[in-house]
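See structure below.
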Amino acid sequence: MTAVLIAVLALPAAGGVLAALGHRHRSAGWLATGFAAAGLLAAVFLPASRGDGPLWHRFDVAWAPAIGLRFDIGVDGISYPLIVLTALLTLLCCLHTMSETTRRPTALIGLLLAVEVGILGVFLAANIVAFFVFFEIVLLPMYAIIAFWGGPGRRAAAAKFALYTVLGSLLLLVGVYVVVSSTGTGDLVALAESGGGGMSPATQLVAFALLGVGFAVKSPLWPLHSWLPAAHTEAPTVGSVILAGVLLKMGTYGLIRVGLGVAPEGAHAAAPVLLVLAVAAIVVGGLICLAQRELKRLIAYSSVGHMGFVLLGIATLSGTGITAALYGNIAHGLITGLLFFLVGSIKQATGHGMLTELGGLRTTAPGLAGILGFAALASLGLPGLAGFWGEAFAVYATLAGDSTARAVAAAVAAAGAALAAAYLLRMIRRVNYGPPTAAVDGAAAALRVTPIRLALWGPLVAATVLLGVVPGLLLDGFTAAPFLEWVSR
Amino acid sequence: MSASIWLLPLAPAACALAGLLVPPSGRRPAAAIAVTGTAIAFVTAVALAFGGGTYHFATRLAGFGDITVHAAVTVTPVAAYVAVAVATVALLVQVYSYAYLRDDDRYVPYAAQVALFTAAMLLVVVSDDLVLLLIGWELMGACSYLLIGHDRRLPEAPAAAVKAFLVTRVGDVGLLLGIALLGFHTGSFRIPEVLAALPDMTPGTVTAAALLVLAGAAGKSAQFPLHSWLPDAMAGPTPVSALIHAATMVAAGAFLLFRLLPLYTGAAAVVVALVAAVTMIGAALAALASDDLKRVLAWSTVSQVAFMFGGIAVAAGDAAVFHLLSHAAFKALLFLAAGAVIHVAGGNSLAAMGGLRHGAPVLFTTMTLGFAALAGIPPLSGFWSKESILGAAAGAGGLTGNLVLWAGIVTVALTAAYATRAWLLVFLGAPRGSTGHDPEPLMRWPLLILAVPTVLLGVAAFAGPVSGEPPHLWPTLPVLAATALGAAAVYLWWRREPATDPATRLGAARPLFAAGFGFDTLQRALVVIPVTLLGRFASWADVTIVDGAVDGSGHVTSATARRIAGWHLAGLPRHLWFTAAGAVLLAAVGTAAYLGMWA
Amino acid sequence: MSQTIDHVALLPAYLAAATALAVLLTDLFSRHPVPRIAVAGIGFAATAAAAVWLGTLPPRQTFCTDTGCSLVTGGPGAAIAATTALLGLAVLALSARPLLAGDAPPGEYAFLLACSVTGGVMLAYGRDLITLIVALETLTLPLYVLVAMRGGSRRGAVAAVNFLLVSVTAGAITLLGAALLYAVTGTLHLTGIAAALRGDTIPLTAVAVAVIITGVGFKLAAVPLHGWAPGSYDGAPLPIAAYLSTASKLGGVAVLLWLVTEAFPPVLHIAGPVLTVLAVATMSVGNLLALRQRRTVRLLAASSIAQAGYLLVPLAGLTALAGPPGTAATAATAVLVFALFYVMMEVAAFTGVIALRWPRADGGELGDLAGSLRAAPGPAVVLLLALAALAGLPPALAGLFAKITVVSSVAMAMPWLAVVVAVNAVVGLAYYLRFGVLLVRGRGTEPAPAGWPVTAVLALSVAALVIVGFAPQLLWRLASFG
Amino acid sequence: MHPVIPYVIAALLFGVGLYGVLVRRNAVMVLAAVELLLGAVNLILVTADVAPLTGDTGHSGQSFALFVIVIAAAEIGVGLALVLHLFRLRGDIDTQDIDRGEQGEPSPETTAPTGSRG
């Protein structure tokens, strides 16, 4: 069944190449979208005939042994949901691109698929160097998406995104080779199973610090987040969706799979720092959101807070916390992806992203207002929706440390969740309630929830509800993965 | 039978989801769906109540490593009664709303949201797992938010909705932490297992958990200091108020404390008693002073729920639930009737009402019964339930018992006073404007139906399992005396000047009382403004300091690059200088390395 | 002291020299430019083939005395020699059309190029100070003239004198280092020097080591011996600029590699810090300089300075080597692998610029290339790919692997140096991105068709980049110091 | 024997040459100064040959010196030719004006028909 594994990567790659070759033709865009759909189908079927090992499937060939690089990919219960999420969001973005009026849609789809290949590769990689290679693949296509399809400030925003995240990934590279040089292997499974491949605690700390900073920039974790608001504000809708939905997850996933996996003792030493940063991110992110006046910027900053919860779960280093972090990761991808689709549509239709220019959406476009309200409630962690489990159990895992400091951290984090409610409801109150503003009133037709929009947003809404009601769907996959046991012992 | 417990939350929930898909023009199907869902829940609840046993159902919902969340439900007879009360009120509210919101084009989502609200409350009532309970709990918060903000003609509605959600959410921070603390120390979220493991926990931890849970309950039940959202929540449509005050939100807090009663001993019980005492007196004073009929009722809810908390403080769980049930009956009745009154009077202000007893006999009769029950006139339901709490308090004695008892007696007097005042102002005296008319049948019948438990619940309770103890002379007599005193004082004042609001007797204190002792202002000054300012500061700091450092490093790099590029614009001799200097420098480095000065 | 000479080992050098001679003879007997170019091209191809063939044989040595051999063949040497010859071929192809058009005298041009290539090939095999320094001069001397060969251009002449004066000064410094090294060791063979350095050393040794490294650093345009590079590259004909930034640098790399691996193992504690300072200064100043350039070739020149800094990093890591034997070889392998990656990227970049600027002989301002992607998609895509590679980012996997090579060599031994590389790469990305975006935006003016030789170089350089991108291990096999 | 005097002289020679290279603004004079540098190198080489600082030598320094002389000659030859070429095109050979950055020739050039054959 490694064929499916390869298909998951190869189908979007082929679609991307097709789109690049036929970038002048609309039909090539549809064809590439078809490849994205096929990729999603392949991803969904990954659990079929899975093996018994730590990875369900594995495909491993030498690539560049001199630098410890093997083309080694595999999938387990931890990476599977992220893979499906990536394939799903990319497909939705392709459909969005084809259905809305977009400049040069086929070229954009080509770049989206290139980003997808990189992200999928990150989630699939079982070799630390291959992980890094895929990590880097994402950068330039994403840069191009922001820089060529973005808003008025796109150049500066895209440059900041590229330069900031490349600094992170290069530090990551240094960390990767601290690991590879001192253990002589890049096998993520073996490294995780052996608890760091025999690296000394000091080396592990150096490695974890470098890896951690690299992932922190990508996630982004406060205070290394400042590329994010600009990038989100200027990126086109699909760019924001991919960025928030899955690209950021490379950072948190990497922190778990690579950071905890290869340097558990380093992680242990750094855990208090992570805990403090996580709590700070939650609170500061929430406070900043309270003062935001721009819709996309607000949601961008909300990601900082949400990622703070994910980091909080990771910082506990416990099975519960890491499970919660993984769950929060997926939930954030769904919910924030949906939010960016929605606010992107609002911004495109009204031409405004400023909260002062928006209002009365409930009157003009009840459907859109309803879904926006739903997404906001989901985002603030309402129980019964996907966002709840990750955040609540991150708090639980923090409290479960049975120390006063951890208890305080849990309390502050939980208070941060209340802040999330404050800024999201403030946003909803501005956008949905009150009398319609001129901008909203004039765009009533463009704000309608058309069937194609329903088809785009529906899956995200449905998944948010489903994962909120039946969390076991994902959790059992997480807890069954041997990896989780290795990193939380 | 056990699995059918799930019908309680799921039937209305499913109907709510179905109702959300109905197009805005489909009033009838929407109403049918919503009523069906609620009716199924009602029938189920009644069946379970008559079954009289305790039913369980549990399945694994989510495993987070060491700890598991169960989709566990249980129905004890008490819970079944509460479920019946919730379902009844919800059903009547649904029916009432269909008429009440006749001209509202957003009725369709409204009906679905009310159904969801009901489902959430029923989930709280039946859930046997704290996390599952939390789901229903917060879902209620979201529904209350949606429903309070329903009316788009009221400019204050969105703000009130946000306030309701946020204040309760602040309480929920405590609840979440409390649940986490209990789960961590007992290894389970199942309520029976948690309660069974309590003796193994240190008293300090138990108290901490109790207080954290109390914060959540106080938020939902609008108890001091998290009560400020409830009076503002009147911005919602009146049937929603009835739902919130009688059957859902507000009752949930008291019910949660009832489920976790063993937590509340010692210091925690004292705190609960203090909260209850402060809340019941303060809210009663505010009710006495308020000019807005719905606000009077709202403050009265705050005050009455404090009685339930008082019952919890003295470990009289059954008495608390008894009061919850009787309060559900008369408060639902009062609110639905108030809706009709407001409809007739054209506004909420008591000053604009009067003399309605002639034009609207059904309204007059039912609402009179409601006020009487609220005031605790025997043999109406309110008398018995309040009495059983105060009786338990007297029996408990000690600091907690005395606190509850004496605050209760003062409050009883105040309750009688404000109930009398409102009744007088609405129905007696000279008619101001319209003398009114009785509401249409769909709005009338719910009032009549609710009048039955309002009157009979107290007597009937002695046949049921809630409370078997007959009233004692102490403290029944003082309670009755207080009731009489309060009612009489107001009546006498009113008799002297029927055109004047008896509340004017409060003099300079009245505006303070009416404004809820300025608590909103305090809350604004201490919480809202600081947090807003902090948000602005954080935002400023993020741009100037955090991002400023990033941009600054870019500028520094850029400036350095300009400087370096400038050095290179000086012609060949400078290149030669660089070359020679480089050789000397590197020779120096080599020498230093040779001398061991490197690293 | 009679020596037997292994002529097989000398074959590539013979062929390269013969190419120069043959071009000279053809120039005498034929009036037509084509034969001269063809002869040179065939000669370069033959040289490359011979070097590759020699590389497949077991190592050979000749001109040996009791202190060592002056000429040694082997895998890395073969890679350097073959690459140099191929670079000569590429430069010839890039200049073919202007030469045919008479922009420069084809005979002299091809002859000088062949001489330079001969020097480069000798550098790949030489193992004593005289051979290396003479080869280095043979590589460089013709370039002074070639730089000036931009049809009657004053800028070319200025660039040539600029290059010349700094170069002869640096050459004198190199010679001073060599002389001092001879003075403290009493031998000219690298292996002999190593043997002599193994005993007691005197302070002058440190000076000798540092000074000779400094002198060689000039060839790499290492800071602070880099000032000539932007001006000279910009003034030279574009193909010669390409040659300067590739073959000429490769020569410097060769000398440095032989010195460090053969002569300096006993004094790595001296060479290491010198190389470290050189590496840090080179990459930092190079990148910052590139950030402010407005002319295309100056930008590429400054960026090639920065790349030279990366190239030095693995050698700099030797400071921290108290480590196992073979670590120096690993570092040297990393350097050579990076150099080969770098040469490919640089050729692709320069070829792209040449094609986009055709028929102009200079790189012009950056703005002149704006909108090239629409106007001339083929060369623009090549240039974009090359820029991505130089920035070290996918889709140009070759560039990514190049960067990985550098970082991996020092990540463990000197993490701080790896972090310096990281920070520098960020600065580098800033100007590569700016350049790349410029190419994509708008609609530029279409260049004239550059003809098949340029297209061929374009295609081959891209093919090479793509192949080593997917099969990077090839380079390690070629460049392994074992 | 300690060859102090030759080394001191070589150092002085190199210093003087370096001084010339750095301060002279005339390209020809710079080339001349470079000759001094190379002379210093030769002096070191032959001195080391007869009086090595450490150990024994194979007397190969003198052959190296010969090569240096050849190199110097070649450099001067090519160098003077280029300087002359520059003088013809520009009219002066002041090094100060060489490579003053990007403000060289104003317009991007097209290939000129006349080669630099002279």
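Within every chain, numbering begins at 1; the chains are lettered A, B, ... in the order of the sequence lines, protein sequences first and strands thereafter. Just so it is clear, the structure is predicted and the values come from calculations on it, not from any experiment.
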Examine whether an atom of [X] lies under 4.5 Å from a heavy atom of chain A, and if so say whether it belongs to the side chain, the backbone or both; otherwise answer neither.
X	answer
Leu176(B)	side chain
Ala159(B)	both
Val531(B)	both
Pro158(B)	both

Please find the pair of heavy atoms, one from [X] and one from [Y], that lie closest to each other, and give the distance.
X	Y	result
Ala411(A)	Val173(B)	O-CG1, 4.4 Å
Arg169(B)	Ala418(A)	CG-CA, 3.9 Å
Pro383(A)	Leu139(B)	O-CD1, 4.1 Å
Ala62(B)	Pro471(A)	CB-CG, 3.5 Å
Leu399(A)	Ala180(B)	CD2-CB, 3.4 Å
Arg106(B)	Arg362(A)	NH1-NH1, 3.3 Å

Is there a side-chain contact between [X] and [Y] (heavy atoms, below 4.5 Å)?
X	Y	answer
Asp547(B)	His225(A)	no
Leu424(A)	Phe165(B)	no
Ile288(A)	Phe537(B)	no

Subject >> Crowding at CZ, Arg60(B) (>12 non-hydrogen neighbours, <6.0 Å) >> reply: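 Yes, the 6.0 Å shell around CZ holds more than 12 heavy atoms from other groups.
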
Original post:
Got more than 12 heavy atoms from elsewhere within 6.0 Å of CD, Glu485(A)?
Top reply: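 No.
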
Which atoms of [X] approach chain B - backbone, side chain, both or neither, heavy atom under 4.5 Å:
X	answer
Arg293(A)	neither
Asn432(A)	neither
Leu380(A)	both
Tyr164(A)	side chain
Tyr301(A)	side chain
Val469(A)	backbone

To the nearest 0.5 Å, how far apart are [atom1] in [X] and [atom2] in [Y]?
X	Y	atom1	atom2	answer
Asp66(B)	Ser488(A)	CG	OG	8.0 Å
Tyr145(B)	Leu425(A)	OH	CG	4.5 Å
Phe64(B)	Tyr327(A)	CZ	OH	7.0 Å
Leu146(B)	Leu377(A)	CG	CG	6.0 Å
Ser318(A)	Ile67(B)	OG	CD1	11.0 Å

I need the residue from [options] with the largest number of non-hydrogen atom pairs under 4.5 Å to chain B.
options	result
Arg426(A), Gln292(A), Lys160(A)	Lys160(A)
Thr323(A), Thr479(A), Thr320(A)	Thr320(A)
Gly319(A), Gly472(A), Ala417(A)	Ala417(A)
Val283(A), Thr363(A), Leu290(A)	Thr363(A)

**OP:** Count the heavy-atom pairs under 4.5 Å between each of Leu123(B), Val170(B), Val131(B) and chain A, then report the option with the highest count.
**Re:**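 Most pairs with chain A among the choices: Val131(B).
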
**OP:** Please list, in residue-number order, every residue in residues 548-557 of chain B that has a heavy atom less than 4.5 Å from any heavy atom of chain A; write 'none' if there are none.
**Re:**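 Hits under 4.5 Å: Val550(B), Asp551(B).
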
Original post:
Would you call the rings of Tyr396(A) and Phe184(B) parallel, tilted or perpendicular, where under 30° means parallel and over 60° means perpendicular?
Top reply: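 If you compare the ring of Tyr396(A) with that of Phe184(B), the planes turn out perpendicular.
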
